[in-house]
Amino acid sequence: MNALEIRNKYLNYFKRKGHSIIPSAPLIPENDPSVLFNTAGMQPLVPYLLGQKHPSGTRLADYQKCVRTVDIDEVGDNRHLTYFEMLGNWSLGDYFKEESIAMSYEFLTKELEIPAEKISVTCFAGDSDCSRDDEAYNAWKKAGIPDERIYFYGKDDNWWIAGEEGPCGPDTEMFYDTGKEKCSPDCQPSCDCGKYVEIWNNVFMEFYKDKNGYSKLSQRNVDTGLGLERMTMLLEGKETPFETELFYPVMEKLIELQKVDDIKSRRIVAEHLRSSIMIVNDGGRPSNVDRGYILRRLIRRMTRHLNKLQIDLNKLDVFLDVSIDSIKELYPELVNNREYIKNVIIEEKNKFVKTLEHGEKEFEKVANKTKNSGNKVIDTQSVFNLYETYGFPPEMTEELAKEQGLEVDMSDFQKLFKEHQEKSRKGVEQKFKGGLASTGEKETKYHTATHLLNAALKRVLGDHVHQKGSNITEERMRFDFSHGAKMTDEEKKQVEDLVNEWIEQGLEVSFIEMSKDEAIKSGAECMFIEKYPERVTVYTIGDVSKELCGGPHVKNTSELGHFKIKKEEASSAGVRRIKAILE
Ligand code: SER
């Protein structure tokens, strides 16, 4: 049974059991700057677990795209993945333990046809916060699991919460027995020797944890998570996810083109390739901060390992195609975005390639110097130079260092990095002030036209359009925005017409002051949210545009004259540039 069949069976089964099927939220959480990526199916559903009414009802099922990067350095072994898909069914104050367990058992044994004797389960053992989960235990007994395959563990194993605070509760986990020998007489599901593989986790979320401890939620929820890659691996009878159809085509191509044999490098390439594709597909772009930085690390690490395999880096194109092809049935949206995704990843690889060779030489020098001086830890200034001059993420320097028995002091690096960031932030503020001081009448008009252009591009090209930069002189405006393809003449015309229509309509330009949070909630457009102070001004133009902005602007769009696009060109991968004038 392949991944798509498993997913379809799952969604169909839960549909028959009265669940509404809801779409996967994007990997990049909407309206939640506190997390970089969706790390679990429950994340986009938190408000509903807390009691808000979900428009699709109280029984939901979905597949959720997830990225977890805590284990990024573990990728390369036989199981860790940064991107994975979680199948989930949800009860929002509807059914609870008994029904949830009965459905899981039926799905595993009847739909996936896993022999019952291969399934072991674990339940919460109880402590001072919450008693032993006899309800789950009884439900398993009723379903047909005998005592000898039911285990009890404490909070470390059988309690689930995302992070430090939030909805949580005891869980029951299902394990698949691979049939391998026990590693010791008391080998159990909690042992990670590989005999038992966790396949499904049902969390009974009836608590909320904050810094004061646990309290009861207003409703009892169920949150379940079944990892698609792992289930595919088991049902395809494979030992690792890399041998399944999800990864194997890329692994095979790597074997074909490699000059050096290294299974760890192959796995890293195949895995990072897939997560980069999925992140870019959901709007991620490489950068030096937050999720952009994670993406950058993934692409750079992947590039370095292609290099280790001595594969011609121009072949990345081929691997991207093979990787997209192996998952396009699961994610059909990849097909339309294929060229855009490839451009972004290849451009980032190209940026890195130029410096990789020099950087690796420089690293060798630094490593030798460290060894010769009898030290184990590479001095932080050198790590910083490798980062700044050669684009080596410090984590990568750390990885290279480890290969030579050396170390990097990451917390010292962070300190140096912060100092540096502070200096450059001051520099940017200085420049910004300078720019505004020279705003004359003509520039003010262009400024307003920029907002109209941004809004028009969104309507014509789609919501993926965001401002990436802007520059205004007395003579013209220049506007950079995210979009993967060259604009057609038709599209340019539509944008021009729309802007001119708005100008002719004589729309009022007004602003109000509000808190940054309110502004984000109101859906205002904004380029670098972290650069704005706590109180911001939001400019609206009629009902066509709403943007965070310091101004200044004209009072009415009728003051602008006629808008004309002079040029549309590439600025960098996935970013287009428009030069336009007001006549
Ligand atoms: N939230 C739980 C998990 O991520 C179950 O979906 O494992």
### Message
Let's go through Arg338 and Leu334 carefully: what are the C-alpha distance in whole Å and the side-chain angles of both, what is the deciding distance for side chain to side chain contact (heavy atoms under 4.5 Å, CB included) to 0.1 Å, and is it a yes or a no?
### Response
CA-CA 6 Å; Arg338 185 189 290 260; Leu334 293 176; over 6 Å; no

### Query
Given Ser515 and Glu518, is the side chain to side chain donor-acceptor pair (under 3.5 Å) satisfied, shown in steps?
CA-CA 5 Å; Ser515 76; Glu518 279 173 307; 3.3 Å; yes

### Message
Does Leu27 form a side chain to side chain contact (heavy atoms under 4.5 Å, CB included) with Tyr83? I'd like the steps, not just the answer.
### Response
CA-CA 10 Å; Leu27 269 180; Tyr83 172 84; 4.2 Å; yes

### Message
Before you tell me yes or no, could you show the steps for Thr82 and Ser275 under side chain to side chain donor-acceptor pair (under 3.5 Å), namely the whole-Å CA-CA distance, both residues' side-chain angles and the distance that decides it to 0.1 Å?
### Response
CA-CA 7 Å; Thr82 54; Ser275 21; 2.8 Å; yes

#### Entry: Trace of the ring-ring contact (aromatic ring centres under 6.0 Å, His included) decision for Tyr214 with Tyr208
CA-CA 6 Å; Tyr214 295 92; Tyr208 190 90; 9.7 Å; no

#### Entry: Worked check of salt bridge (Lys or Arg N to Asp or Glu O under 4.0 Å) between Glu181 and Lys195
CA-CA 7 Å; Glu181 284 297 306; Lys195 177 173 174 60; over 6 Å; no

### Task
Determine, step by step, whether Val203 and Val222 satisfy the side chain to side chain contact (heavy atoms under 4.5 Å, CB included) criterion, reporting the C-alpha distance in whole Å, the side-chain angles of both residues, the deciding distance to 0.1 Å, and the verdict.
CA-CA 6 Å; Val203 187; Val222 179; over 6 Å; no

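Taking the centre of each ring, His19 and Tyr95 come in below the 6.0 Å mark. In this structure, Trp159 has its ring center under 6.0 Å from that of Phe207.
Under a 4.0 Å N-O distance rule, the pair Asp134/Arg132 qualifies as a salt bridge. The existence of a salt bridge linking Asp133 and Lys97 is confirmed by a sub-4.0 Å separation between a basic side-chain nitrogen and an acidic carboxylate oxygen. In this structure, Lys253 does not pair ionically with Asp321, as no charged nitrogen and carboxylate oxygen lie closer than 4.0 Å. Using a cut-off of 4.0 Å between Lys/Arg side-chain N and Asp/Glu carboxylate O, Lys458 and Glu525 are scored as salt-bridged. A salt bridge links Glu399 with Arg301; the closest basic N to acidic carboxylate O contact falls under 4.0 Å. Taking a cutoff of 4.0 Å between a charged side-chain nitrogen and a carboxylate oxygen, Arg79 and Glu229 do not qualify as a salt bridge. Taking 4.0 Å as the cut-off between side-chain N and carboxylate O, Lys211 and Glu165 do not count as a salt-bridged pair.
By the side-chain hydrogen bond (donor to acceptor under 3.5 Å, both in side chains) test, Lys17 is found to be paired with Glu106, residues two or more places apart in sequence or in another chain being considered. Remark: Pro55 pairs with Tyr48 by the side-chain contact (heavy atoms from CB on, under 4.5 Å) rule, at least two apart or across chains.
Between Tyr13 and Phe107, the ring planes are tilted. Angles from 30° to 60° get that label. Taking the six-membered ring for Trp and thresholds of 30 and 60 degrees, His483 and Phe481 have nearly parallel ring planes, at less than 30 degrees apart. Using bins of under 30°, 30° to 60° and over 60° for the plane-to-plane angle, the ring pair Tyr137/Phe152 lands in the tilted bin.
Stacking of Arg7 on the aromatic ring of Tyr331 is recorded, both the 6.0 Å distance cut-off and the 45° axial limit being met.
Defined by atom type and a distance below 3.5 Å, a donor-acceptor pair is missing between the side-chain atoms of Glu236 and Tyr248. In the model, Tyr151 has no side-chain atom that pairs as donor or acceptor with a side-chain atom of Asn158 under 3.5 Å. Side chains of Ser190 and Asp157: a donor-acceptor N/O pair is absent below 3.5 angstrom, by distance only. Under the 3.5 Å distance criterion, with hydrogens and angles disregarded, no donor-acceptor pair is assigned to the side chains of Glu111 and Tyr10. A donor and an acceptor atom, one from each side chain of Thr39 and Gln43, are located under 3.5 Å apart. Side-chain contact of Thr244 with Thr232: a donor-acceptor pair under 3.5 Å is absent, judged by distance alone. Side-chain atoms of Trp90 and Thr224 form no donor-acceptor pair, as typed in the model, at a separation below 3.5 Å. Asn454 and Glu547 are linked by a side-chain donor-acceptor pair at a separation below 3.5 angstrom, with hydrogens and angles left out of the test.
Side chains of Asn221 and Glu206 form no contact here, defined as non-hydrogen atoms less than 4.5 Å apart.
The local environment of CG in Asp543 is sparse, with at most 12 non-hydrogen atoms from other residues, nucleotides or ligands closer than 6.0 Å.
Each salt bridge (Lys or Arg N to Asp or Glu O under 4.0 Å) pair with one or both residues in residues 55-69, not counting sequence neighbours, appears once here: Arg59-Asp94, Arg59-Glu99, Lys65-Asp282, Lys65-Glu333.
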